[in-house]
Undergrad: 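Structure provided below as structure tokens; questions to follow.
Numbering of ligands and ligand atoms starts at 1, following listing order. Predicted model only: the values in this text are computed from it and were never measured.
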Amino acid sequence: MSGNLLLKDIPSVDKLLGSEELEPVVDAHGHTRVRETIRELLDQIRSDLLDGNSSEVPSIQALSDEVSERITRKNHGTLTQVINLTGTVLHTNLGRAVLPGNALDAIATVAGANSNLEFDLASGKRGDRDTHIEALLAELTGAEAVTVVNNNAAAVLLSLNTLAAGKEVCISRGELVEIGGSFRIPEVMEKSNCRLREVGATNRTHLKDYRNAITDQTGLLLKVHTSNYEIRGFTQEVSYREVSELAGETGLPFMADLGSGTLVDLEQYGLEHEPTVQEVLAAGADIVTFSGDKLLGGPQAGIIAGKKVYVDAIKKNPLKRALRVDKMTITALTEVLKLYLEPETLAERLPTLRHLSRPAGDIETIARQVEPHLTKFFKDVASIDVVDTHSQIGSGALPLDQIPSFAIAITPVANSDAALQAISKAFRELPIPVIGRLSDGQMMLDCRTLDDPGEFIRQLEQLQQDHLALHPDH
Ligand SMILES: *Cc1c(COP(=O)(O)O)cnc(C)c1O
């Protein structure tokens, strides 16, 4: 029968809505939503019939099931938890730092009720949202004043715009970095209404280069941490202290964008030294900017710390209002900072540091615990081996520092890219998707960041192999 003739067999929206089959769905989601979903579905069936893509009208039962499934699918949302086994601890695409439990509890409390976000409980008057973190951050960094914005890109933009709008900003050629494709110092400079004044050569910059660049047009001296690359060989960089002395001599402010920024000496955790916020402030930087969700291990935020006169000016910039953080960020950041007050337990309680400082031996134990389950699961499809590998910090921190780790290497028997892609896809389709790293024809699951091997194994057991289409004979 032609599609046109079948159209009359399509039930009406009201008939379907009133059907017994859809009663529980209407009870759960209400008339409005179910009617809208029915309408979409019937429209699709109508056009499929007319286009010849279908030659029958589904039963009421089949239509009801489809309505229910569509609502469930939509409710599922797209942002979801994943297990990051890429070996990159702070993976920007996978949400960077994992928050500690005390921060999660505090978010639930503060977000589920009213709070004194901008209310001074002592005086009963209007307060300032920055006060909640300012004292803690000042104590931890030694800064006179602190403010927080949405991310470090915003911190740099706002600081440049406040301190040097309409003026020139001197920066070494070797520090004109691009971070993640969308944050490039020259472009941020332009959007801040500042003029870039490049100083020195790519590999070598001397103090006299800064000195010679300073004119009555200069508004700021800037150093940017070259987060995601390193210049090696015949190089010369001017230290924070030297630039700060020059700034003092000339009466100009000096700002340092640390990017990742850390509050602790990473050497104690077996990592390479990274200049800490405290060191750079002590070396004389007037303003330091850094991220909340990189090495600090907190929520997405940009922290601006330094001299009170500059921080006060930054807070008064109308852009600050547009870039400010919400109460959930403030409370999460506060809880993370509190952990830094108790350094003995920091690496245990803060997931980012716990992952970064995990001994390779412990990681190997986890890999060996998971290995037999994967071997069983992939029996004819892939071989499973525990191998040593290197993790990296990620998010531009210490890009060349590779931390010894252990991974499970999954090598498809079919030795083809298609087989590898199928395995990788199967992991992404798990109830909690698992993201690994593909390299040299293998899928690597770096166990440094595997917190709950039991959960990982249970997921595998739930799976039906044929559902994954991994076995060529299925
Ligand atoms: C990561 C980074 C930024 C941007 O920080 P976000 O918190 O991602 O906005 C800026 N500058 C440097 C040097 C960085 O490494």
Undergrad: Nearest non-hydrogen contact with atom 5 (O) of ligand 1 belongs to which option: L90, N152, I303?
TA: N152

Undergrad: If we only consider heavy atoms of V156, is any one of them less than 4.0 Å away from an atom in ligand 1?
TA: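 Contact absent.
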
Undergrad: Under 4.0 Å, heavy atoms only, figure out whether ligand 1 is touched by the backbone of K294, its side chain, both or neither.
TA: side chain

Undergrad: Suppose I only count heavy atoms of R96 and a 4.0 Å limit; which atoms of ligand 1 are within that range?
TA: 6 (P), 7 (O), 8 (O)

Undergrad: Once you restrict to heavy atoms under 4.0 Å, what part of E175 touches ligand 1? Side chain, backbone, both or neither.
TA: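 The answer is neither; E175 stays 4.0 Å or more away.
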
Undergrad: Kindly indicate, with the supporting measurements, whether the criterion side-chain contact (heavy atoms from CB on, under 4.5 Å) is fulfilled by T218 and R197.
TA: CA-CA 9 Å; T218 310; R197 179 67 201 257; over 6 Å; no

Undergrad: Walk me through whether K74 and T37 qualify under side-chain contact (heavy atoms from CB on, under 4.5 Å).
TA: CA-CA 10 Å; K74 227 182 208 171; T37 311; over 6 Å; no

Undergrad: Who pairs with T352 by side chain to side chain contact (heavy atoms under 4.5 Å, CB included), at least two apart in sequence or on another chain?
TA: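 Once residues adjacent in sequence are excluded, the partners of T352 under the side chain to side chain contact (heavy atoms under 4.5 Å, CB included) criterion are L90, A97, L356.
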
Undergrad: When you measure from the side chain of T329 to the backbone N and O of V325, does any donor-acceptor pair fall under 3.5 Å?
TA: no

Undergrad: Any side-chain heavy-atom pair from D446 and R437 closer than 4.5 angstrom?
TA: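 In short, these two side chains touch, coming nearer than 4.5 Å.
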
Undergrad: With atoms numbered from 1 as shown, which atoms in ligand 1 lie under 4.0 angstrom from a non-hydrogen atom of A153?
TA: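 Answer, ordered by atom number: 4 (C), 5 (O), 6 (P), 9 (O).
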
Undergrad: Cationic tip of K223 within the cone over Y240's six-membered ring, i.e. under 6.0 Å and within 45° of the normal?
TA: yes

Undergrad: Out of A301, G302, G259, S291, who is nearest to atom 7 (O) of ligand 1 when you count heavy atoms only?
TA: S291

Undergrad: By number and element, which atoms of ligand 1 are closer than 4.0 Å to a non-hydrogen atom of H225?
TA: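 Reading through ligand 1 atom by atom, the close ones are 13 (C).
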
Undergrad: Please test R358 against D362 for salt bridge (charged side-chain N to carboxylate O under 4.0 Å, His left out), starting from the C-alpha separation and ending with a verdict.
TA: CA-CA 7 Å; R358 206 171 217 179; D362 292 3; 5.8 Å; no

Undergrad: Need the ligand 1 atom indices (1-based, order shown) with element for anything under 4.0 Å from a heavy-atom of F183.
TA: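 With F183 as reference, the close atoms of ligand 1 come out as 10 (C), 11 (N).
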
